[in-house]
Structures are given as structure tokens and as C-alpha cells.
Amino acid sequence: MFTQLSLALNSFIDNDLGLAGGQKNQLLKKHKLHLADSLDKGHWTTNLCLVASGLTKKNPRELATKLATVIQSADGVDRVEIAGPGFVNIFLTQRAFLQQVEQAMDLIPSVDNSLQKKIQIEFVSANPTGPLHVGHGRGAAYGDAIARILSSLGHQVEKEYYVNDAGRQVDILACSIFLRKFSCFDDVSFPASGYKGSYVLEIADSIKLDDSAPNIQKDQLCKDLPEEPEAEIDELITRIQSSYSDLWLVIRSGGLAYVTQSIKDDLTAFKVEFDQWFFESSLGELSDETSDIAKALHKVKQEHAYEKAGAVWLESTKFGDDKDRVIIREDGRGTYLSADLAYHKNKLDRGFDTIINVWGSDHHGYIKRIEATIEAMGYNKNQMQVQLVQFANLLEDGAKVKMSTRSGNFYTLKQLIDDIGPDAARFYYLSKQADQHLDFDIGVARSHSKDNLYYYVQYAHARICSVQKKYISLGHTLPEAFKDFDEFHACDDLIQLALNFSFVVQSAGENLQPHLIIYYLRDLAQGFHHFYNDTNILKAAEQDQVNMLRALGLVKNVIASSLELIGIDSLEQM
RNA sequence: GCGCCUGUAGCUCAGUUGGAUAGAGCAACGGUUUUCUAAACCGUGGGUCAGGAGUUCGAAUCUCUUCAGGCGCGCCA
């Protein structure tokens with residue numbers, strides 16, 4: 001129906017408005033044809049005449065009168081009303097209205113071939129230095145949801161995790177494991193900047209050494225250390241690397257492998273699977289001229305960099321950054337930015353139309369910088385889109401759950417999943433726009449009470465399943481089409497809501513906002529519960545039963561599909 | 001100081017590419033079950049959309065400004 005009505009609108013635009021090309025394009029872009037939010041405004045409604053009146057300087061209601069006659073002649077249109085300042089409300093015949101349900105079976109229309117894009121989404125990308133905590137869960141749920149939504153719309157989507165395995169943080173982890181494995185410190189004197197979580201001990205235990213126990217000179221290693229924590233840990237790393245180089249490498253790679261695997265396991269439990277794990281180390285060494293990182297730096301150094309105080313600076317201010325940035329340190333090592341620059345070059349060279357970076361919102365100051373490096377390398381910064389995800393406050397019965405990483409004592413994502421299940425967790429992570437603060441109350445998520453929106457939605461699905469079962473047990477088969485439906489009105493509101501599904505998905509995809517689906521689910525579930533309480537389906541006239549079951553079949557599919565788009569399984573019974 | 005984000009009902013938030021009387025959940029109060037799952041439903045009260053000015057046929061939405069809050073501003077990652 002949408003297509004037919006669009007055609008009618010277009011013919012009106014072409015034949016009756018007499019607009020020049022530029023104005024016409026503006027009109028095509030700005031006007032809307034959408035499902036009415038309430039049936040007393042018709043089934044479909046358009047603001048075309050209001051927008052057109054601004055461009056043609058004609059009275060919107062006069063335009064509407066003309067448009068009404070054009071639409072009136074379209075197939076399936078019962079009547080047309082002009083409302084308010086010039087809205088055109090379109091009422092379909094009941095037959096045409098319900099036939100939309102049959103057409104809606106193909107629930108999500110793919111975008112046109114010409115608009116299909118190759119998209120890469122990079123998300124989570126937490127440092128491999130410990131288990132994922134609940135803060136990471138939101139990024140995981142968000143990235144995975146937009147990946148599902150975009151691919152359902154017909155885009156080609158690849159999910160990637162960037163593993164920072166080359167930096168100092170991993171050295172600190174390796175050092176912490178080393179110190180634990182050989183009990184170099186007690187709990188009190190353990191270096192303040194080391195990782196102190198109990199998982200470090202687990203890793204230490206898991207690493208089996210081939211040789212007989214190595215002889216570690218603890219006194220030598222631990223004496224005369226600097227007071228300052230950062231300097232202390234750096235000094236320890238240096239000493240271990242030089243005195244026990246083979247052992248260091250074994251522990252470092254073993255620790256990294258262990259943590260990476262545990263992150264993968266946690267994500268699997270959360271139903272997030274990545275297509276690609278990209279290791280920072282694969283970009284190579286700066287000293288190796290053939291490496292990706294050396295080549296990328298070479299490229300920007302030629303035109304957009306200079307030397308100052310022994311370091312190499314990128315002229316990022318030329319590309320809108322606040323200040324220039326160091327890319328090669330005084331001591332010759334690269335900065336984090338240099339690795340990221342090479343990583344983004346690598347991503348863009350892989351031929352994606354769009355790369356989406358999902359970052360914690362504390363990184364927002366970094367956006368301009370990375371955009372500048374992308375432009376400095378000669379790419380278009382608009383190919384990259386950064387989506388910020390704000391950290392979630394975890395509450396338990398109204399009180400904040402402590403998340404101290406320093407002590408190593410924190411609520412992990414795995415614990416959350418074990419506690420309330422991956423589905424409820426995903427649901428609540430996505431229940432608010434990603435770049436805004438979220439208060440996530442575990443008590444509510446766990447409860448089986450009416451404050452729990454997750455169960456409210458699932459209950460609607462389960463209730464439909466239950467009615468269907470009962471209906472089948474009475475000897476019927478589920479209808480696949482409406483029957484003699486010209487006068488069937490019992491499910492009008494519900495159907496109107498369900499038909500909106502494909503528009504919601506499109507909007508969620510265009511704006512990268514999965515929370516729109518959550519709110520849609522709530523509205524749809526509400527519409528269903530309302531109908532269900534109002535109507536005794538299995539006591540209705542037989543003809544109506546068939547049609548109700550048909551309508552509920554649509555609603556059930558829409559709920560299940562919506563949930564699937566955010567990575568949640570629908571419940572058949574509760 | 002500079003930059004980004006936020007301010008909507010008692011609370012938590014939708015609605016922000018300008019559209020029709022600003023919505024929902026919770027909380028409060030009052031109802032609904034011999035009936036397909038009451039994890040549900042119905043009703044009542046509750047708002048200067050932070051304040052002010054502007055643009056427009058029309059502003060919670062756009063512009064300017066004031067106030068309040070959050071975050072970011074390393075040769076860290």
C-alpha cells in the first residue's frame with residue numbers, strides 16, 4: 001500500500017505543483033508518508049501539502065483538497081480527510097488495510113541494491129588485560145545489535161574486535177603474572193600499578209613451564225625499586241625482560257592467550273560472535289620498514305609531519321584538531337595514535353564503504369584526532385563514523401554496585417550473565433540511547449514483577465504462543481490468511497502497530513539506535529495485552545477466531561523478529 | 001579556560017533530520033479473575049518540555065543567550 005500511495009503522491013508532485021528541480025528535490029526529501037499513530041487519523045497520513053505550501057506559497061488546505069482527489073482514485077482507498085493545518089489522512093477499505101498484513105509477511109524490506117553498503121563495525125576492543133566487566137557489556141550489546149539490524153536491512157556487515165596486544169598494558173599484565181607465579185611480593189607490597197585481581201593468580205597457575213622450576217633471584221629483582229608506582233612497574237618490566245627474557249616471552253604470550261580466550265568465552269556466553277579478531281601486533285614494528293605501521297607513518301610523515309624536541313609531530317591542526325600530536329616519541333617508539341593510524345589505514349584499505357567505531361564515551365576527545373589522521377592519510381573522514389557508548393551505572397536495589405578495577409574486585413560481565421541471563425542483560429543495556437547515561441538495576445532485571453519490562457514483552461509473545469497451542473488443541477490449524485474479512489475490525493489497532501515494524505527497523509538502522517526497537521516492543525506488547533484482556537479470543541465467533549489468530553500470528557512474528565534484531569530469544573512459555 | 005553531551009510528570013526515561021491535544025513505565029489512589037497465563041488490564045490525579053529572546057503557518061525539536069549537571073582535554077592506552 002505504501003508503494004501505491006507513494007506513486008499517487010509523486011504523480012501529484014509532478015503534475016499539480018509545477019515545482020522546479022531544486023525545489024522538487026527539497027520537497028521529496030522533506031515530506032513524509034507514514035502510518036498514522038492513531039486510526040482516527042486514518043491508516044496513512046502525509047504532511048506533503050504543508051511542506052509544499054512553503055515552497056509554492058500556496059494555501060496548504062487548498063493543495064490538500066487537490067491531493068485528496070488524486071489519492072481518492074487510488075486502489076484500496078476508502079476516503080480521504082483533510083485535517084488540521086493541511087494534513088491529508090488516508091482511510092483504506094478494510095480489505096486493503098488487512099491485505100497489508102499478507103504483504104508484511106516479508107517483514108524487513110531490504111534497502112535498494114544501490115544503497116547496500118559494506119560496513120565494518122568495530123566494538124568492545126577492551127584491552128586484553130583482564131576479564132570483561134559490566135561496563136564492556138553495553139558496547140557489546142550495542143555493537144552486536146546494530147550489526148544485526150544493518151545486516152537485516154541488506155547491508156554486508158563485518159564485526160571486528162581490535163586487540164591491543166602490543167602496548168605497555170600487556171607488559172604490565174605479564175609482569176603481574178610473573179610476580180605472582182614466583183611469589184615475589186605479598187598482597188600488601190604488591191606493586192600498586194600492577195594488576196591485582198584474583199584472575200592473575202589463575203593465569204599464573206595455568207601457565208605450565210617446561211623446564212624445572214627456574215631460579216628467580218627475587219631479592220635482586222625487587223630491591224631498590226622506585227617509589228612512584230608507574231616507574232616501579234616499568235622498572236620491574238625492564239629487569240624481568242633483561243634477566244629472564246625467554247621466560248618473559250612464555251609468560252607474556254601465555255597470559256595474553258589466556259585472557260583473550262576468556263574474553264571470547266564471555267562474549268560467546270553473551271551471544272556475541274566476531275567475524276574478525278585484529279591484533280595490533282600484526283601491524284608490525286616501527287623499525288621494520290616493510291611493516292604496515294612503518295608504511296602508514298611514512299605516508300603521513302612526507303607531507304603532514306615535522307620534528308620538534310626530538311619527536312615527530314603530526315600536523316593534525318591542519319585537519320581541524322585542537323593541537324598537533326606526537327606520533328613518534330623522543331625515544332623512537334610509536335605512540336598509541338601511530339598504531340591507531342596504521343590500523344585505520346588498514347581498515348579503510350580493506351574496502352569498506354563505512355567503518356563504525358563503537359567507543360566508550362570517555363574517548364570522545366579522541367574523535368577529532370583520528371579524523372585528522374584519516375584526512376592526513378588522504379582518506380575521507382566521513383567514511384568513519386564514531387558511536388559513543390556511555391558507561392552504565394549498575395544498581396542493586398537502588399544502590400550503586402561497586403566497580404573498582406584497582407583492587408581487581410569488580411563485577412564481571414560473566415557474573416552478570418550468570419545472574420540474570422544474557423537476554424535480560426542485553427535488553428536492559430539497550431533500553432536507552434547508547435551515548436547517554438544508563439542506570440541498570442539488576443534487582444529489577446532479576447525480578448519477576450511488573451517493573452520488569454523485559455518480561456512484559458516476553459509475556460506478550462508467550463501468551464500468543466499459548467493461545468495458538470490451545471487453538472490447535474481444539475482441533476484447528478493456524479490460519480495463514482484472513483477469511484471473509486471485509487467487516488473484521490477487532491484487531492485494527494494492533495495490526496496498525498505491527499505494520500510499523502519495518503519502519504522502526506529502518507529508523508533504528510539509519511540512526512544506529514537499537515533502543516528504538518525496545519520502545520517499539522513495549523508499545524506493541526502493550527497493544528497486545530490490552531487487546532488480550534479485552535477479548536476472549538477462543539469464545540469469539542468462529543470466523544472472528546480465524547482472523548484474530550491470523551492477526552496474532554503477525555504480532556508474534558513481529559515480536560520475535562524485533563527481539564532477534566537485538567540478539568534476544570523469544571520465550572514460548574513463561 | 002576550550003571542546004562534546006545532557007536538562008521533558010514525584011522518580012526513570014521516550015519523543016529532537018520542525019508538524020495535529022507533549023507520551024510511557026514506576027510511584028500514589030480506586031477498580032477488574034466461575035473466562036485462552038493477573039508476569040496482565042482499566043480508571044483518576046500529576047507538565048511554564050531548565051529560564052529568556054529569535055526564526056516559522058507551526059518549536060520539546062532549529063538559532064542566540066543565561067543557569068545547572070556530566071565527561072574529555074598526556075611523548076597514557
Side-chain angles (χ1 to χ4, degrees), chain A residues 29-30 32 36-38 41 45 47 50-51 53-54 59-61 83-87 89 125 127 129 164 166-170 172 230 280 308-313 322-323 325-340 360-369 388 390-391 395 398 431-433 435-439 441 444 447-460 462-471 473-474 507 510-511 515-516 518-520 522-523 525-526 528-540 545 548 552 571 573-574:
Chain A
K29 226 170 120 184
K30 281 183 79 180
K32 288 176 201 159
D37 51 19
S38 139
K41 294 178 189 164
T45 182
N47 66 347
L50 289 162
V51 179
S53 104
N59 183 312
R61 287 191 69 104
F87 292 99
N89 295 341
S125 299
N127 279 339
T129 53
N164 291 110
R168 174 168 172 267
Q169 296 304 318
V170 178
I172 297 176
E230 297 298 318
E280 181 186 353
K308 192 179 91 182
V312 177
W313 296 68
D322 303 333
K323 42 182 131 173
R325 308 289 172 176
V326 170
I327 46 177
I328 301 175
R329 282 182 266 236
E330 211 175 341
D331 62 10
R333 292 178 303 140
T335 58
Y336 179 77
L337 184 63
S338 67
D340 229 18
S361 65
D362 53 331
H363 283 64
H364 76 74
Y366 197 71
I367 298 176
K368 267 191 183 170
R369 202 175 310 179
L388 296 178
Q390 190 70 248
F391 282 116
L395 307 176
S431 65
K432 212 184 150 183
Q433 209 166 311
D435 60 358
Q436 303 200 12
H437 286 280
L438 169 74
D439 286 330
D441 196 315
V444 171
S447 79
H448 287 194
S449 76
K450 58 180 170 180
D451 348 324
N452 194 337
L453 190 57
Y454 170 69
Y455 284 111
Y456 180 80
V457 169
Q458 291 284 19
Y459 188 42
R463 270 182 149 177
I464 297 176
C465 292
S466 167
V467 175
Q468 288 182 334
K469 262 186 229 157
K470 186 96 187 202
Y471 184 70
S473 77
L474 292 172
S507 176
E510 273 165 29
N511 302 308
H515 76 284
L516 295 177
I518 301 272
Y519 283 89
Y520 174 67
R522 190 204 56 198
D523 290 343
Q526 185 168 254
F528 165 76
H529 287 307
H530 173 83
F531 166 77
Y532 183 91
N533 270 69
D534 231 32
T535 315
N536 193 321
I537 301 158
L538 298 179
K539 285 196 177 163
Q545 276 188 32
M548 285 177 188
L552 292 186
L571 301 177
Q573 62 178 44
M574 288 171 59

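In the text below, chain A, chain B and the rest are named by the order of the sequence lines, each starting its count at 1.
- Across all strands, A:K323 comes closer than 4.0 Å only to sugar-phosphate atoms, never to a base (heavy-atom distances).
- For the 3.5 Å distance criterion, the side chains of A:T129 and A:Q169 fail to qualify, holding no donor opposite an acceptor.
- Below the 3.5 angstrom threshold, one finds no donor paired with an acceptor across the side chain of A:T335 and the base of B:rA77.
- Within the nucleic acid shown, A:Y336 comes within 4.0 Å of at least one base atom, counting heavy atoms only.
- Among the protein residues, A:L516 comes within range of the sugar-phosphate backbone only, with heavy atoms under 4.0 Å from sugar or phosphate atoms but none that close to a base.
- When heavy atoms are screened at a 4.0 angstrom cut-off, A:N536 is found touching base atoms of the nucleic acid.
- For B:rU61, there is no paired base (Watson-Crick or G-U wobble, both distances below 3.5 Å).
- For the P atoms, the distance from B:rG52 to B:rC67 is 15 Å, rounded to whole Å.
- The P atoms of B:rU21 and B:rG58 are separated by 14 Å, rounded to the nearest whole Å.
- In this structure, A:Q526 atom CD and B:rA14 atom C1' are separated by 12 Å, rounded to whole Å.
- Between A:F391 and A:H437, the distance separating the two ring centers is not shorter than 6.0 angstrom.
- In terms of phosphate contacts, A:R329 brings a side-chain nitrogen or oxygen within less than 4.0 Å of OP1 or OP2 of B:rC76.
- Nearest to the side chain of A:Q436, among B:rA24, B:rG72, B:rU16, sits B:rU16.
- One P atom belongs to B:rU61, the other to B:rA20, and the distance between them is 13 Å to the nearest Å.
- For the pair A:Y366 and B:rG74, the criterion of a side-chain N or O lying under 4.0 Å from OP1 or OP2 is not met.
- If you take atom C1' in B:rA27 and the same atom in B:rU44, they sit 14 Å apart, rounded to whole Å.
- Side chain to side chain, A:N164 and A:E280 meet the donor-acceptor criterion of an N or O pair below 3.5 Å.
- Counting only heavy atoms from C-beta on, A:K539 has its side chain closest to B:rU35 among B:rU35, B:rA39, B:rA14.
- With B:rA20, B:rC41, B:rA38 as the choices, the nucleotide that has an atom nearest any side-chain atom of A:H529 turns out to be B:rC41.
- At a threshold of 4.0 angstrom between heavy atoms, the contacts of A:T45 include nucleobase atoms, whether or not backbone atoms are also involved.
- To the nearest whole angstrom, the two P atoms, one in B:rC2 and one in B:rU65, are 12 Å apart.
- The base of B:rG72 has none of its N or O atoms less than 3.5 Å from a complementary donor or acceptor on the side chain of A:H363.
- Base pairing of B:rA68 is made with B:rU6, judged by Watson-Crick or G-U wobble geometry with both donor-acceptor distances under 3.5 Å.
- Residue contacts for A:N89: at a heavy-atom cut-off of 4.0 Å it reaches a base atom on one of the strands shown.
- Residue contacts for A:A339: at a heavy-atom cut-off of 4.0 Å it reaches no nucleic acid atom on any strand shown.
- For B:rG43, the paired nucleotide is B:rC29, the pair qualifying as Watson-Crick or G-U wobble because both relevant distances are below 3.5 Å.
- Out of B:rA40, B:rG19, B:rA14, the shortest distance to the side chain of A:L50 is found at B:rG19.
- A:N47 comes within 4.0 angstrom of a nucleotide base, judged by non-hydrogen atoms across all strands.
- Which of B:rA39, B:rC41, B:rG70 sits closest to the side chain of A:H437 comes down to B:rG70.
- In this structure, A:Q573 reaches the bases: a heavy-atom distance under 4.0 Å links it to at least one base atom across the strands shown.
- Under the 30°/60° scheme for interplanar angles, the aromatic rings of A:Y532 and A:F528 are found to be tilted.
- B:rA20 has A:F87 stacked on its base ring, the centres lying under 5.5 angstrom apart and the planes within 30 degrees of parallel.
- For B:rG15, one of the phosphate oxygens OP1 or OP2 lies less than 4.0 angstrom from a side-chain nitrogen or oxygen of A:Q433.
- Here A:R325 pairs with A:D321 under the salt bridge (charged side-chain N to carboxylate O under 4.0 Å, His left out) rule; sequence neighbours left out.
- Among the protein residues, A:Y471 comes within range of no part of the nucleic acid, since none of its heavy atoms lies under 4.0 Å from any strand.
- B:rU55 is unpaired under the Watson-Crick or G-U wobble criterion, no partner having all donor-acceptor distances under 3.5 Å.
- Pairing of B:rU12, defined by two Watson-Crick or G-U wobble distances under 3.5 Å, is identified with B:rA24.
- Between the P atom of B:rA39 and the CZ atom of A:F528 lies a distance of 14 Å, rounded to the nearest Å.
- Which of B:rG72, B:rC13, B:rA77 sits closest to the side chain of A:H364 comes down to B:rG72.
- Nucleotides B:rC42 and B:rA59, compared at atom C1', are 35 Å apart to the nearest Å.
- Between A:H515 and the phosphate of B:rG15, there is a side-chain N or O to OP1/OP2 separation shorter than 4.0 Å.
- Spacing between atom CG of A:D534 and atom P of B:rU33 amounts to 14 Å, rounded to whole angstrom units.
- For the C1' atom pair drawn from B:rC11 and B:rG47, the interatomic distance equals 15 Å after rounding to whole Å.
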Practice prompt. Could you please spell out the steps behind the salt bridge (Lys or Arg N to Asp or Glu O under 4.0 Å) verdict for A:E330 and A:K308?
Written response: CA-CA 9 Å; A:E330 211 175 341; A:K308 192 179 91 182; over 6 Å; no
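- When both distances must be under 3.5 Å, the Watson-Crick or G-U wobble mate of B:rU34 does not exist.
- As judged by a 4.0 angstrom heavy-atom cut-off over every strand, A:T535 is placed among the base-contacting residues.
- The residue A:A309 sits close to a base: some heavy atom pair falls under 4.0 Å.
- Atom CD in A:Q390 sits about 9 Å away from atom P in B:rC71, given to the nearest Å.
- Of the candidate nucleotides B:rC75, B:rA14, B:rA40, B:rC75 has the atom lying nearest to any side-chain atom of A:A311.
- Not a single donor-acceptor pair, N or O on each side, falls under 3.5 Å between the base of B:rA77 and the side chain of A:N164.
- Surrounding CD of A:Q436 are more than 12 heavy atoms belonging to other residues, nucleotides or ligands, all under 6.0 Å away.
- Between B:rA9 and B:rU34, the distance separating the two P atoms is 40 Å to the nearest Å.
- A:R369 has no side-chain polar atom (N or O) that falls below the 4.0 Å cut-off from OP1 or OP2 of B:rG72.
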